[in-house]
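One structure is given below, encoded as C-alpha coordinates.
Keep in mind that the numbers below use all heavy atoms, side chains included, and drop hydrogens, waters and symmetry copies. Here is the naming used below: chain letters follow the sequence lines, and residue numbers restart at 1 for every chain.
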2 protein chains.
Amino acid sequence: MAKKTDNPKMGRPRGFDTTAALDAAMRVFWEKGYEGATLTDLTDAMRINRSSMWAAFGNKEELFKKAFERYLGTYQGYIREALEKPTIREVIESSLRGTVDFLATPGNPKGCLSVHGALAVGDEADPIKQWLIQLRKNGLSVARKRFEQAKKSGDLGEDVDPVALTRYVATLIQGLGVQHASGATKAELMRVVDVALQHMGYLDEGQHPNHKENQAR
Amino acid sequence: MAKKTDNPKMGRPRGFDTTAALDAAMRVFWEKGYEGATLTDLTDAMRINRSSMWAAFGNKEELFKKAFERYLGTYQGYIREALEKPTIREVIESSLRGTVDFLATPGNPKGCLSVHGALAVGDEADPIKQWLIQLRKNGLSVARKRFEQAKKSGDLGEDVDPVALTRYVATLIQGLGVQHASGATKAELMRVVDVALQHMGYLDEGQHPNHKENQAR
DNA sequence: AATAATCTGAATCGTTAGGTACAGATGTCG
DNA sequence: CGACATCTGTACCTAACGATTCAGATTATT
(Lines give C-alpha, C1' and ligand atoms only; values in the text may rest on other atoms or scores of the structure.)
Protein backbone atom coordinates (compact mmCIF):
# COMPACT_ATOMS: atom_id res chain seq x y z
CA MET A 1 0.00 0.00 0.00
CA ALA A 2 2.46 2.64 1.24
CA LYS A 3 0.32 5.45 -0.01
CA LYS A 4 1.74 8.89 -0.40
CA THR A 5 0.25 11.87 1.25
CA ASP A 6 -1.19 14.84 -0.55
CA ASN A 7 0.70 17.23 1.64
CA PRO A 8 4.41 17.12 1.01
CA LYS A 9 5.02 19.59 3.82
CA MET A 10 4.19 17.03 6.44
CA GLY A 11 6.60 14.87 8.32
CA ARG A 12 10.26 15.32 9.01
CA PRO A 13 11.95 17.51 6.42
CA ARG A 14 15.02 16.36 4.56
CA GLY A 15 18.17 16.82 6.57
CA PHE A 16 20.50 17.55 3.67
CA ASP A 17 20.73 19.74 0.60
CA THR A 18 19.74 17.68 -2.41
CA THR A 19 21.58 19.80 -4.95
CA ALA A 20 24.75 19.79 -2.86
CA ALA A 21 24.45 16.02 -2.63
CA LEU A 22 23.93 15.79 -6.38
CA ASP A 23 27.03 17.89 -6.94
CA ALA A 24 29.04 15.50 -4.82
CA ALA A 25 27.66 12.48 -6.67
CA MET A 26 28.37 14.14 -9.99
CA ARG A 27 32.03 14.54 -9.10
CA VAL A 28 32.35 10.90 -8.11
CA PHE A 29 30.74 9.72 -11.36
CA TRP A 30 32.99 12.12 -13.22
CA GLU A 31 36.14 10.73 -11.66
CA LYS A 32 35.34 7.04 -11.68
CA GLY A 33 32.71 6.61 -14.34
CA TYR A 34 29.29 5.06 -13.82
CA GLU A 35 30.36 1.54 -13.08
CA GLY A 36 33.55 2.50 -11.29
CA ALA A 37 31.58 4.58 -8.80
CA THR A 38 30.45 2.44 -5.92
CA LEU A 39 27.35 3.22 -3.88
CA THR A 40 29.69 3.56 -0.92
CA ASP A 41 31.90 5.99 -2.84
CA LEU A 42 28.82 7.99 -3.67
CA THR A 43 27.17 8.11 -0.28
CA ASP A 44 30.49 8.87 1.41
CA ALA A 45 31.01 11.84 -0.87
CA MET A 46 27.42 12.95 -0.49
CA ARG A 47 27.76 12.62 3.29
CA ILE A 48 24.50 10.80 3.29
CA ASN A 49 23.19 7.48 4.33
CA ARG A 50 22.42 4.79 1.84
CA SER A 51 18.70 4.82 2.49
CA SER A 52 18.51 8.59 2.38
CA MET A 53 20.00 8.42 -1.08
CA TRP A 54 17.54 5.72 -1.95
CA ALA A 55 14.56 7.76 -0.81
CA ALA A 56 15.72 10.94 -2.46
CA PHE A 57 16.95 9.70 -5.84
CA GLY A 58 15.64 6.20 -6.51
CA ASN A 59 18.56 4.02 -7.49
CA LYS A 60 22.06 4.30 -8.92
CA GLU A 61 20.83 4.75 -12.47
CA GLU A 62 18.40 7.50 -11.53
CA LEU A 63 21.05 9.16 -9.42
CA PHE A 64 23.41 9.23 -12.36
CA LYS A 65 20.83 10.72 -14.66
CA LYS A 66 19.95 13.43 -12.19
CA ALA A 67 23.61 14.15 -11.51
CA PHE A 68 24.23 14.38 -15.22
CA GLU A 69 21.44 16.84 -15.75
CA ARG A 70 22.93 18.97 -13.04
CA TYR A 71 26.30 18.64 -14.78
CA LEU A 72 24.78 19.96 -17.99
CA GLY A 73 23.27 22.91 -16.20
CA THR A 74 26.36 23.73 -14.20
CA TYR A 75 29.25 23.08 -16.54
CA GLN A 76 28.03 22.97 -20.10
CA GLY A 77 26.63 26.47 -20.27
CA TYR A 78 29.69 27.64 -22.17
CA ILE A 79 28.67 25.51 -25.14
CA ARG A 80 25.23 27.09 -25.27
CA GLU A 81 26.81 30.52 -25.00
CA ALA A 82 29.33 29.70 -27.70
CA LEU A 83 26.56 28.67 -30.10
CA GLU A 84 24.97 32.08 -29.70
CA LYS A 85 27.99 33.99 -30.94
CA PRO A 86 27.28 36.04 -34.06
CA THR A 87 29.81 34.48 -36.45
CA ILE A 88 30.70 30.84 -36.92
CA ARG A 89 34.33 31.71 -36.40
CA GLU A 90 33.46 32.97 -32.95
CA VAL A 91 31.25 29.97 -32.30
CA ILE A 92 34.15 27.63 -32.98
CA GLU A 93 36.80 29.62 -31.16
CA SER A 94 34.58 30.14 -28.16
CA SER A 95 33.57 26.49 -27.88
CA LEU A 96 37.14 25.22 -28.26
CA ARG A 97 38.71 27.69 -25.86
CA GLY A 98 35.78 27.25 -23.52
CA THR A 99 36.40 23.52 -23.52
CA VAL A 100 40.02 24.01 -22.52
CA ASP A 101 39.07 26.47 -19.78
CA PHE A 102 36.43 24.07 -18.57
CA LEU A 103 38.70 21.03 -18.59
CA ALA A 104 41.56 22.81 -16.90
CA THR A 105 39.47 24.40 -14.17
CA PRO A 106 41.30 23.61 -10.93
CA GLY A 107 39.44 21.05 -8.90
CA ASN A 108 37.50 19.58 -11.79
CA PRO A 109 38.00 15.88 -12.46
CA LYS A 110 39.68 14.90 -15.70
CA GLY A 111 37.81 14.81 -18.97
CA CYS A 112 34.09 15.36 -19.42
CA LEU A 113 31.33 13.38 -17.80
CA SER A 114 29.45 12.85 -21.04
CA VAL A 115 32.32 10.78 -22.42
CA HIS A 116 33.97 9.51 -19.26
CA GLY A 117 30.71 8.48 -17.63
CA ALA A 118 30.24 5.28 -19.59
CA LEU A 119 32.30 4.85 -22.75
CA ALA A 120 32.88 1.10 -22.66
CA VAL A 121 31.05 -0.75 -19.92
CA GLY A 122 29.67 -4.11 -18.89
CA ASP A 123 26.18 -5.37 -19.62
CA GLU A 124 24.66 -3.95 -16.48
CA ALA A 125 25.67 -0.38 -17.28
CA ASP A 126 24.69 -0.62 -20.91
CA PRO A 127 21.45 1.37 -20.54
CA ILE A 128 23.43 4.31 -19.18
CA LYS A 129 25.92 4.03 -22.02
CA GLN A 130 23.11 4.12 -24.57
CA TRP A 131 21.50 7.04 -22.77
CA LEU A 132 24.71 9.04 -22.94
CA ILE A 133 25.21 8.20 -26.60
CA GLN A 134 21.77 9.55 -27.34
CA LEU A 135 22.48 12.74 -25.43
CA ARG A 136 25.71 13.25 -27.34
CA LYS A 137 23.81 12.80 -30.57
CA ASN A 138 21.28 15.38 -29.47
CA GLY A 139 24.01 17.83 -28.61
CA LEU A 140 25.61 17.35 -32.00
CA SER A 141 22.25 17.91 -33.61
CA VAL A 142 21.76 21.22 -31.84
CA ALA A 143 25.19 22.40 -32.92
CA ARG A 144 24.59 21.28 -36.48
CA LYS A 145 21.56 23.53 -36.73
CA ARG A 146 23.72 26.52 -35.84
CA PHE A 147 26.27 25.58 -38.51
CA GLU A 148 23.62 25.01 -41.15
CA GLN A 149 22.12 28.38 -40.36
CA ALA A 150 25.55 29.94 -40.87
CA LYS A 151 25.74 28.28 -44.24
CA LYS A 152 22.39 29.71 -45.27
CA SER A 153 23.26 33.19 -44.06
CA GLY A 154 26.48 33.16 -46.04
CA ASP A 155 28.68 33.11 -42.97
CA LEU A 156 30.12 29.83 -44.22
CA GLY A 157 31.52 29.61 -47.75
CA GLU A 158 29.84 27.81 -50.60
CA ASP A 159 32.18 24.86 -50.56
CA VAL A 160 32.05 24.25 -46.82
CA ASP A 161 30.04 21.26 -45.61
CA PRO A 162 28.39 22.47 -42.39
CA VAL A 163 27.52 18.96 -41.20
CA ALA A 164 31.08 17.72 -41.52
CA LEU A 165 32.44 20.88 -39.94
CA THR A 166 30.15 20.40 -36.96
CA ARG A 167 31.35 16.89 -36.41
CA TYR A 168 34.93 18.01 -36.88
CA VAL A 169 34.59 20.48 -34.03
CA ALA A 170 32.86 17.89 -31.88
CA THR A 171 35.67 15.45 -32.60
CA LEU A 172 38.21 18.02 -31.46
CA ILE A 173 36.29 18.77 -28.28
CA GLN A 174 36.00 15.12 -27.35
CA GLY A 175 39.62 14.54 -28.26
CA LEU A 176 40.62 17.37 -25.96
CA GLY A 177 38.83 15.63 -23.13
CA VAL A 178 40.78 12.43 -23.73
CA GLN A 179 44.02 14.36 -24.00
CA HIS A 180 43.28 16.02 -20.71
CA ALA A 181 42.63 12.67 -19.11
CA SER A 182 45.95 11.52 -20.52
CA GLY A 183 47.81 14.19 -18.62
CA ALA A 184 47.99 17.12 -21.03
CA THR A 185 48.35 20.50 -19.35
CA LYS A 186 46.14 23.50 -20.00
CA ALA A 187 48.89 25.15 -22.05
CA GLU A 188 49.28 22.05 -24.19
CA LEU A 189 45.54 21.83 -24.77
CA MET A 190 45.41 25.48 -25.71
CA ARG A 191 48.22 24.98 -28.21
CA VAL A 192 46.11 22.29 -29.88
CA VAL A 193 43.25 24.76 -30.14
CA ASP A 194 45.64 27.36 -31.57
CA VAL A 195 46.68 24.94 -34.27
CA ALA A 196 43.06 24.13 -35.13
CA LEU A 197 42.11 27.81 -35.27
CA GLN A 198 45.09 28.74 -37.40
CA HIS A 199 43.99 26.07 -39.84
CA MET A 200 40.58 27.69 -39.99
CA GLY A 201 41.82 31.15 -40.82
CA TYR A 202 39.75 30.99 -43.97
CA LEU A 203 36.64 31.48 -41.90
CA ASP A 204 37.63 35.09 -41.36
CA GLU A 205 37.73 35.64 -45.09
CA GLY A 206 34.67 33.69 -46.05
CA GLN A 207 36.86 31.67 -48.36
CA HIS A 208 38.05 28.16 -48.50
CA PRO A 209 41.73 27.26 -48.22
CA ASN A 210 41.55 25.22 -51.39
CA HIS A 211 40.24 28.12 -53.40
CA LYS A 212 42.48 29.65 -55.96
CA GLU A 213 44.02 32.93 -54.95
CA ASN A 214 42.89 32.56 -51.40
CA GLN A 215 44.74 35.17 -49.38
CA ALA A 216 44.89 34.48 -45.70
CA ARG A 217 45.18 37.48 -43.37
CA MET B 1 57.64 -25.55 -2.52
CA ALA B 2 55.99 -26.20 -5.90
CA LYS B 3 59.22 -25.91 -7.74
CA LYS B 4 59.21 -25.46 -11.48
CA THR B 5 60.91 -27.83 -13.79
CA ASP B 6 63.71 -26.90 -16.10
CA ASN B 7 62.08 -28.63 -18.99
CA PRO B 8 58.98 -26.83 -20.22
CA LYS B 9 58.25 -29.65 -22.64
CA MET B 10 57.28 -31.98 -19.88
CA GLY B 11 53.80 -32.66 -18.66
CA ARG B 12 50.50 -32.34 -20.44
CA PRO B 13 50.63 -29.76 -23.20
CA ARG B 14 48.22 -26.86 -23.27
CA GLY B 15 44.92 -27.78 -24.80
CA PHE B 16 44.17 -24.43 -26.41
CA ASP B 17 45.83 -21.81 -28.55
CA THR B 18 47.08 -19.03 -26.30
CA THR B 19 47.11 -16.36 -28.98
CA ALA B 20 43.60 -17.23 -30.11
CA ALA B 21 42.50 -17.02 -26.49
CA LEU B 22 44.24 -13.67 -26.13
CA ASP B 23 42.46 -12.41 -29.22
CA ALA B 24 39.14 -13.35 -27.72
CA ALA B 25 39.99 -11.68 -24.42
CA MET B 26 41.14 -8.58 -26.26
CA ARG B 27 37.80 -8.23 -27.97
CA VAL B 28 35.90 -8.53 -24.69
CA PHE B 29 38.08 -5.87 -23.04
CA TRP B 30 37.64 -3.72 -26.11
CA GLU B 31 33.86 -3.92 -25.97
CA LYS B 32 33.32 -3.65 -22.24
CA GLY B 33 36.42 -1.98 -20.88
CA TYR B 34 38.68 -3.39 -18.22
CA GLU B 35 36.29 -3.23 -15.32
CA GLY B 36 33.19 -3.95 -17.35
CA ALA B 37 34.70 -7.24 -18.55
CA THR B 38 33.90 -9.98 -16.11
CA LEU B 39 36.11 -13.03 -15.65
CA THR B 40 33.12 -15.05 -16.77
CA ASP B 41 32.72 -12.89 -19.88
CA LEU B 42 36.37 -13.41 -20.63
CA THR B 43 36.60 -17.14 -20.09
CA ASP B 44 33.36 -17.72 -21.99
CA ALA B 45 34.74 -15.85 -24.98
CA MET B 46 38.10 -17.56 -24.69
CA ARG B 47 36.32 -20.94 -24.49
CA ILE B 48 38.56 -21.74 -21.61
CA ASN B 49 38.18 -22.71 -18.02
CA ARG B 50 38.80 -20.25 -15.25
CA SER B 51 41.79 -22.08 -13.88
CA SER B 52 43.30 -22.59 -17.32
CA MET B 53 43.20 -18.85 -17.78
CA TRP B 54 44.70 -18.41 -14.39
CA ALA B 55 47.57 -20.79 -15.11
CA ALA B 56 48.26 -19.36 -18.55
CA PHE B 57 48.02 -15.62 -17.92
CA GLY B 58 48.24 -14.93 -14.19
CA ASN B 59 45.35 -12.72 -13.24
CA LYS B 60 42.92 -10.25 -14.80
CA GLU B 61 45.42 -7.42 -14.83
CA GLU B 62 48.13 -9.50 -16.48
CA LEU B 63 45.60 -10.83 -18.95
CA PHE B 64 44.66 -7.31 -19.92
CA LYS B 65 48.25 -6.23 -20.38
CA LYS B 66 49.02 -9.23 -22.55
CA ALA B 67 45.85 -8.73 -24.55
CA PHE B 68 46.74 -5.10 -25.03
CA GLU B 69 50.20 -5.91 -26.30
CA ARG B 70 48.64 -8.23 -28.81
CA TYR B 71 46.23 -5.45 -29.75
CA LEU B 72 49.15 -3.15 -30.46
CA GLY B 73 50.83 -5.75 -32.62
CA THR B 74 47.69 -6.69 -34.50
CA TYR B 75 45.82 -3.46 -34.96
CA GLN B 76 48.14 -0.53 -34.45
CA GLY B 77 50.60 -1.35 -37.20
CA TYR B 78 49.05 1.30 -39.42
CA ILE B 79 50.29 4.02 -37.08
CA ARG B 80 53.85 2.76 -37.30
CA GLU B 81 53.57 2.53 -41.06
CA ALA B 82 52.10 6.02 -41.25
CA LEU B 83 55.00 7.47 -39.31
CA GLU B 84 57.42 6.09 -41.89
CA LYS B 85 55.89 7.99 -44.78
CA PRO B 86 58.33 10.35 -46.45
CA THR B 87 56.48 13.64 -45.97
CA ILE B 88 54.65 14.89 -42.92
CA ARG B 89 51.61 15.51 -45.05
CA GLU B 90 51.52 11.83 -45.88
CA VAL B 91 52.19 10.91 -42.27
CA ILE B 92 49.13 12.85 -41.16
CA GLU B 93 46.84 11.76 -43.96
CA SER B 94 47.85 8.15 -43.59
CA SER B 95 47.38 8.06 -39.83
CA LEU B 96 43.99 9.81 -39.96
CA ARG B 97 42.59 7.74 -42.82
CA GLY B 98 44.14 4.64 -41.30
CA THR B 99 42.32 5.40 -38.07
CA VAL B 100 38.99 5.60 -39.84
CA ASP B 101 39.63 2.39 -41.74
CA PHE B 102 40.66 0.71 -38.53
CA LEU B 103 37.68 1.93 -36.54
CA ALA B 104 35.18 1.06 -39.22
CA THR B 105 36.53 -2.41 -39.91
CA PRO B 106 33.50 -4.69 -39.81
CA GLY B 107 33.49 -6.84 -36.72
CA ASN B 108 35.74 -4.60 -34.69
CA PRO B 109 34.28 -3.28 -31.44
CA LYS B 110 33.68 0.44 -31.19
CA GLY B 111 36.47 2.88 -30.42
CA CYS B 112 40.04 1.97 -29.60
CA LEU B 113 41.19 -0.19 -26.73
CA SER B 114 43.82 2.27 -25.58
CA VAL B 115 41.13 4.81 -24.73
CA HIS B 116 38.12 2.61 -24.13
CA GLY B 117 40.00 0.15 -21.95
CA ALA B 118 40.05 2.28 -18.82
CA LEU B 119 39.28 5.97 -19.20
CA ALA B 120 37.47 6.64 -15.93
CA VAL B 121 37.44 3.73 -13.52
CA GLY B 122 37.13 2.80 -9.87
CA ASP B 123 40.00 2.48 -7.43
CA GLU B 124 40.67 -1.15 -8.16
CA ALA B 125 41.27 -0.59 -11.87
CA ASP B 126 43.36 2.51 -11.33
CA PRO B 127 46.70 0.79 -11.99
CA ILE B 128 45.48 -0.24 -15.44
CA LYS B 129 44.26 3.28 -16.12
CA GLN B 130 47.67 4.70 -15.20
CA TRP B 131 49.39 2.07 -17.29
CA LEU B 132 47.34 3.01 -20.34
CA ILE B 133 47.97 6.70 -19.77
CA GLN B 134 51.69 6.03 -19.77
CA LEU B 135 51.44 4.04 -22.98
CA ARG B 136 49.52 6.84 -24.67
CA LYS B 137 52.21 9.27 -23.58
CA ASN B 138 54.88 7.02 -25.01
CA GLY B 139 53.01 6.79 -28.29
CA LEU B 140 52.71 10.54 -28.48
CA SER B 141 56.40 10.84 -27.76
CA VAL B 142 57.30 8.55 -30.65
CA ALA B 143 55.12 10.54 -33.03
CA ARG B 144 56.58 13.80 -31.80
CA LYS B 145 60.05 12.70 -32.78
CA ARG B 146 58.86 12.17 -36.33
CA PHE B 147 57.31 15.64 -36.44
CA GLU B 148 60.38 17.30 -34.96
CA GLN B 149 62.53 15.57 -37.51
CA ALA B 150 60.29 16.97 -40.24
CA LYS B 151 60.78 20.41 -38.79
CA LYS B 152 64.55 20.04 -38.91
CA SER B 153 64.54 18.71 -42.43
CA GLY B 154 62.48 21.64 -43.62
CA ASP B 155 59.41 19.53 -44.36
CA LEU B 156 57.51 21.66 -41.84
CA GLY B 157 57.52 25.43 -42.16
CA GLU B 158 59.43 27.76 -39.88
CA ASP B 159 56.38 28.94 -38.00
CA VAL B 160 54.89 25.51 -37.37
CA ASP B 161 55.18 24.13 -33.86
CA PRO B 162 55.83 20.40 -34.35
CA VAL B 163 54.97 19.51 -30.76
CA ALA B 164 51.58 21.19 -30.92
CA LEU B 165 50.89 19.72 -34.32
CA THR B 166 51.62 16.24 -33.03
CA ARG B 167 49.18 16.64 -30.18
CA TYR B 168 46.63 18.12 -32.54
CA VAL B 169 46.71 14.99 -34.69
CA ALA B 170 46.56 12.78 -31.61
CA THR B 171 43.56 14.75 -30.39
CA LEU B 172 41.79 14.17 -33.69
CA ILE B 173 42.57 10.46 -33.66
CA GLN B 174 41.23 10.02 -30.15
CA GLY B 175 38.23 12.18 -30.93
CA LEU B 176 37.48 9.96 -33.92
CA GLY B 177 37.40 6.98 -31.60
CA VAL B 178 34.85 8.66 -29.36
CA GLN B 179 32.78 9.72 -32.35
CA HIS B 180 32.78 6.17 -33.58
CA ALA B 181 31.63 4.93 -30.20
CA SER B 182 28.88 7.54 -30.37
CA GLY B 183 27.49 6.00 -33.50
CA ALA B 184 29.19 7.89 -36.33
CA THR B 185 29.41 5.97 -39.60
CA LYS B 186 32.57 5.40 -41.59
CA ALA B 187 31.51 8.01 -44.14
CA GLU B 188 30.90 10.57 -41.41
CA LEU B 189 34.27 9.89 -39.85
CA MET B 190 35.97 10.19 -43.21
CA ARG B 191 34.30 13.53 -43.81
CA VAL B 192 35.82 14.76 -40.55
CA VAL B 193 39.23 13.68 -41.80
CA ASP B 194 38.57 15.44 -45.10
CA VAL B 195 37.84 18.67 -43.26
CA ALA B 196 41.00 18.36 -41.19
CA LEU B 197 43.13 17.63 -44.25
CA GLN B 198 41.65 20.49 -46.25
CA HIS B 199 42.61 22.75 -43.39
CA MET B 200 46.15 21.53 -43.63
CA GLY B 201 46.57 22.23 -47.31
CA TYR B 202 49.45 24.51 -46.41
CA LEU B 203 51.56 21.47 -45.71
CA ASP B 204 51.75 20.80 -49.44
CA GLU B 205 53.20 24.24 -50.00
CA GLY B 206 55.56 24.37 -47.07
CA GLN B 207 53.79 27.55 -46.05
CA HIS B 208 51.64 28.57 -43.19
CA PRO B 209 48.05 29.73 -43.69
CA ASN B 210 48.69 32.86 -41.71
CA HIS B 211 51.55 33.88 -43.93
CA LYS B 212 51.07 36.86 -46.18
CA GLU B 213 50.35 36.03 -49.77
CA ASN B 214 49.92 32.38 -49.00
CA GLN B 215 48.45 30.78 -52.08
CA ALA B 216 46.77 27.47 -51.51
CA ARG B 217 46.67 25.05 -54.44
C1' DA C 1 0.54 17.29 23.66
C1' DA C 2 -0.82 13.92 20.38
C1' DT C 3 -0.44 12.35 15.88
C1' DA C 4 1.14 11.37 11.41
C1' DA C 5 4.58 11.55 8.10
C1' DT C 6 9.09 11.39 6.89
C1' DC C 7 13.99 10.82 7.55
C1' DT C 8 18.10 8.28 9.46
C1' DG C 9 21.37 4.64 10.49
C1' DA C 10 22.47 -0.05 11.11
C1' DA C 11 21.76 -4.53 9.84
C1' DT C 12 20.79 -7.67 6.28
C1' DC C 13 19.50 -9.63 1.67
C1' DG C 14 20.87 -12.29 -2.53
C1' DT C 15 24.17 -11.99 -6.17
C1' DT C 16 28.35 -11.73 -8.28
C1' DA C 17 33.02 -10.35 -8.38
C1' DG C 18 37.99 -12.06 -8.58
C1' DG C 19 40.64 -15.61 -6.93
C1' DT C 20 41.78 -20.81 -5.15
C1' DA C 21 42.02 -25.73 -3.92
C1' DC C 22 41.92 -30.12 -5.30
C1' DA C 23 41.04 -34.47 -7.67
C1' DG C 24 41.22 -36.55 -11.89
C1' DA C 25 42.44 -36.48 -16.87
C1' DT C 26 46.10 -36.28 -20.27
C1' DG C 27 50.04 -36.00 -22.20
C1' DT C 28 55.77 -36.34 -22.31
C1' DC C 29 59.97 -38.50 -21.35
C1' DG C 30 63.21 -41.71 -19.07
C1' DC D 1 55.74 -49.14 -19.45
C1' DG D 2 55.48 -46.22 -15.70
C1' DA D 3 56.62 -42.05 -13.26
C1' DC D 4 55.70 -37.39 -13.34
C1' DA D 5 54.62 -32.72 -14.75
C1' DT D 6 51.13 -30.05 -16.32
C1' DC D 7 46.41 -29.12 -17.72
C1' DT D 8 41.20 -29.29 -16.89
C1' DG D 9 36.79 -28.98 -14.50
C1' DT D 10 34.06 -28.64 -10.33
C1' DA D 11 33.33 -26.74 -6.32
C1' DC D 12 34.18 -23.31 -3.13
C1' DC D 13 36.14 -19.05 -0.70
C1' DT D 14 36.01 -14.27 0.81
C1' DA D 15 34.79 -9.72 -0.16
C1' DA D 16 32.11 -6.31 -2.16
C1' DC D 17 28.35 -5.04 -4.97
C1' DG D 18 23.52 -2.86 -5.41
C1' DA D 19 19.42 -3.12 -3.08
C1' DT D 20 16.16 -3.39 0.87
C1' DT D 21 14.12 -3.70 5.44
C1' DC D 22 12.95 -1.85 9.87
C1' DA D 23 13.13 0.22 14.37
C1' DG D 24 13.84 4.53 16.23
C1' DA D 25 14.69 9.58 15.84
C1' DT D 26 12.81 13.88 14.27
C1' DT D 27 9.64 17.35 12.88
C1' DA D 28 5.18 19.73 10.97
C1' DT D 29 0.46 19.59 11.42
C1' DT D 30 -3.67 19.01 14.29
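- Spacing between atom CG of A/Asn49 and atom P of D/dG18 amounts to 15 Å, rounded to whole angstrom units.
- Contacts between residues 19-35 of chain A and DNA chain D, defined by a heavy-atom separation under 4.0 Å, are absent.
- Distances shown here put a side-chain N or O of A/Ser52 below 4.0 Å from the OP1 or OP2 atom of C/dT8.
- Rounding to whole angstrom units, CZ of residue B/Arg47 and P of D/dT8 are separated by 14 Å.
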Polar pairs (N or O, both sides) under 3.5 Å between protein and nucleotides 14-17 of chain D?
{"unit_1": "D/dC17", "atom_1": "OP1", "unit_2": "A/Thr38", "atom_2": "OG1", "d": "2.8"}

Could you pull out the protein-nucleic contacts involving nucleotides 23-25 of chain C (nitrogen or oxygen on both sides, under 3.5 Å)?
{"unit_1": "C/dA25", "atom_1": "N3", "unit_2": "B/Arg12", "atom_2": "NH1", "d": "3.0"}

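- Under a 4.0 Å N-O distance rule, the pair A/Asp155/A/Arg89 does not qualify as a salt bridge.
- Qualifying side-chain hydrogen bond (donor to acceptor under 3.5 Å, both in side chains) partners for B/Glu148, counting only residues two or more places apart in sequence or in other chains: none.
- Without hydrogens or angle criteria, A/Ser51 side chain to A/Trp54 main chain gives no donor-acceptor distance under 3.5 Å.
- Taking atom CZ of B/Phe64 as the reference point, atom C1' of C/dA17 lies 18 Å away to the nearest angstrom.
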Exercise. Going through the checks in order, is the side chain to side chain donor-acceptor pair (under 3.5 Å) test met by A/Asp17 and A/Thr19?
Worked result: CA-CA 6 Å; A/Asp17 181 1; A/Thr19 64; 3.2 Å; yes

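- At least one donor-acceptor pair under 3.5 Å links the side chain of A/Asp41 to the backbone N or O of A/Thr38.
- Applying the side-chain hydrogen bond (donor to acceptor under 3.5 Å, both in side chains) rule to pairs touching residues 109-127 of chain A yields A/Asp123-B/Lys32, A/Asp126-A/Gln130, sequence neighbours excluded.
- Remark: P of C/dC7 and CD1 of A/Ile48 are 11 Å apart, rounded to the nearest angstrom.
- Checked against a 6.0 Å centroid threshold, the rings of A/Trp131 and A/Tyr34 do not count as neighbours.
- Atom CG of B/Asp17 is separated from atom P of D/dT8 by 12 Å (rounded to the nearest Å).
- Between the P atom of C/dT8 and the CE atom of A/Met46 lies a distance of 11 Å, rounded to the nearest Å.
- In this structure, the side chain of A/Thr185 engages the main chain of A/Glu188 through a donor-acceptor pair within 3.5 Å.
- In this structure, the nucleotide among D/dA19, D/dG9, D/dT8 sitting nearest to the side chain of B/Phe16 is D/dT8.
- Listed by chain and residue number, nothing satisfies the ring pair (Phe, Tyr, Trp, His ring centres under 6.0 Å) test with A/Phe16 (two or more places apart in sequence, or in another chain).
- Counted within 6.0 Å of NZ on B/Lys85, heavy atoms from surrounding residues, nucleotides or ligands total 12 or fewer; the atom is thus considered open.
- If you measure from atom CH2 of B/Trp54 to atom C1' of D/dC12, you get 15 Å, rounded to the nearest angstrom.
- Each of B/Tyr75, B/Phe68, B/Phe64 was compared with B/Trp30 under the ring pair (Phe, Tyr, Trp, His ring centres under 6.0 Å) criterion, and only B/Tyr75 meets it.
- Distance CZ (A/Arg14) to P (C/dA5): 17 Å, rounded to an integer number of Å.
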